[in-house]
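Taking it in order: structure first as structure tokens, then the write-up.
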Amino acid sequence: MRTTRVLAALLLAALAAAGCGKEGSPPTKGPKPEDLPKYQVATDFQLPDSGTWNKAKRRGRLVVGAKEDQPYLGEKDPASGVYSGFDIEIAKMIGASLGFDPNKIEFRTIASANRETALQNGQIDYYVGTYTINDNRKKLVGFGGPYYMAGQGLLVRKDEEDISGPQDLDGKKVCSAAGSTPYQRIQADYPKAVLVAYDTYSICVDNLLTYQVDAVTTDDAILQGYAAKLPEEMKLVGKPFSEEPYGIGVPRGDNALRFAIDDALAAREKDGTWKKAYDATLGLSGVPAPTPPPIDRYPAS
Ligand code: GLU
């Protein structure tokens, strides 16, 4: 049994590396380039009040923070270095409205725990990577959006019978990413769970498949992607037990950039681009396109 799991973990790594499915299982469906929206790049766009935008314009490209190991959301092809997924499409559609062609975006992988520092230090212009908007984080960074509503879930091995929701986690080893809201919620609300933290959820998934942990917890949108890649090995259990509105992180105080992002997002939701991008990426993990949540557009801060 354990050998099978070790093999499954290796397979997951191989799948990620090859970007393709194993024979006999549903093919691992990556975004098909022809299904992705084409983004109209704004030609006479100006945002003089945004320090971030001015800097990017001088540089001639945007630097955007993202994830690289979250199927259908933010994934980096190890061979080509190309990023794909729903978050990546959101980053591109916004970039186009800000006057940057998608090929003028440089993506940089930033782990959950390092997002605020990366924005504060000016390492990135904005961040699109399953980034929950909340009041604590708003003290450190700004948020455009939200552009999607996720909820915390649990991923277990397919043959797991003891865990069907967070109430069953007492004494169980639960893995999540350091600095994430799902990690903090387990710590606060389910203190009898044995929490293990890593930089990324893919390390947690490897640990699940090799019996090092009993469950992985983070947003359902992320977990569905892992489960869809290895449906014979893993399943989601229970109902979502939080609300995780995904925002576009910007440097705090750059209200001009934040409002421009909100305007861009509103326009792309209205003209169907958002849905097209969803259907070609995150929609492939099996959940039909929801209605996007209302954009927050909180006052300048
Ligand atoms: N949305 C959650 C968060 O922002 C979990 C996913 C992640 O770590 O990116 O903390």
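No experiment lies behind these values; they were computed from the predicted model shown. These numbers come from the heavy atoms of this one structure, side chains and all, not from hydrogens, waters or symmetry mates. Counting starts at 1 for both ligands and their atoms, following the listed order.
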Rounded to the nearest 0.5 angstrom, the SG-CG distance for C204 and L209 is 11.5 Å
Check each heavy atom of T218 against ligand 1 and say whether those closer than 4.0 Å belong to the side chain, the backbone, both or neither.
-> side chain
Quick note on ligand 1: atoms under 4.0 Å from a heavy atom of S112 include exactly 7 (C), 8 (O), 9 (O)
N or O contact, Y131 vs ligand 1, cut-off under 3.5 Å = no
Taking the six-membered ring for Trp, are Y147 and F86 parallel (under 30°), tilted (30 to 60°) or perpendicular (over 60°)?
-> tilted
For I222, atoms of ligand 1 separated by under 4.0 Å from a heavy atom | 6 (C)
What part of P182, side chain, backbone, both or neither, has a heavy atom within less than 4.0 angstrom of ligand 1?
-> side chain
Smallest separation among heavy atoms of L98 and A260, with atom names | CD2-CB, 3.9 Å
Are any of the N or O atoms of Y246 closer than 3.5 Å to those of ligand 1?
-> no
Scan side-chain atoms only and decide if D168 and S164 contain a donor-acceptor pair under the 3.5 Å cut-off.
-> yes
Kindly indicate whether a cation-pi arrangement holds for K76 with F107, taking the cut-offs as under 6.0 Å to the six-membered ring centre and within 45° of the axis.
-> no
Report the part of A177 in contact with ligand 1, treating N, CA, C, O as backbone and CB onward as side chain, heavy atoms under 4.0 Å; options are side chain, backbone, both, neither.
-> neither
Could you see which bit of Q184 sits under 4.0 Å from ligand 1, with heavy atoms only: side chain, backbone, both or neither?
-> neither
Is it the side chain (CB and beyond), the backbone, both or neither of D219 that lies under 4.0 Å from ligand 1, heavy atoms counted?
-> side chain
Nearest neighbour in protein (non-hydrogen) for atom 4 (O) of ligand 1 | R137 NH1, 2.9 Å
For ligand 1, is there an N or O atom under 3.5 Å from any N or O atom of T130?
-> yes
Close-contact set for ligand 1 against R115 heavy atoms, below 4.0 Å | 3 (C), 4 (O), 7 (C), 8 (O), 9 (O), 10 (O)
R185, portion touching ligand 1 at heavy-atom distance under 4.0 Å | neither
Indicate the ring-plane relationship of Y278 and W274, choosing parallel, tilted or perpendicular according to the 30° and 60° boundaries.
-> parallel
Under 4.0 Å to a heavy atom of G129 - the qualifying atoms of ligand 1, by number | 9 (O)
Show your working on side chain to side chain contact (heavy atoms under 4.5 Å, CB included) between Y226 and Q70 and close with a plain yes or no.
-> CA-CA 8 Å; Y226 292 119; Q70 298 185 171; 4.2 Å; yes
Within 45° of the ring axis of Y298 and under 6.0 Å from its six-membered ring centre, is that where the NZ or CZ of R258 lies?
-> yes
Would one find an N or O of K67, backbone or side chain, under 3.5 Å from an N or O of ligand 1?
-> yes
Taking the six-membered ring of Y83 as reference, does the NZ or CZ atom of K67 fall below 6.0 Å from its centre and within a 45° cone about the axis?
-> no
Could you state whether V196 and V205 fall into the same hydrophobic cluster, counting links through intermediate Ile, Leu, Val, Met, Phe, Trp or Tyr residues with side-chain heavy atoms under 4.5 angstrom apart?
-> yes
Numbered atoms of ligand 1 (with element) below 4.0 Å of S180, judged on heavy atoms = 8 (O), 10 (O)
Mind checking whether Y183 has a heavy atom under 4.0 Å from ligand 1?
-> no
Do the numbers put R157 on top of the ring of Y211, so that NZ or CZ is under 6.0 Å from the six-membered ring centre and no more than 45° off the axis?
-> yes
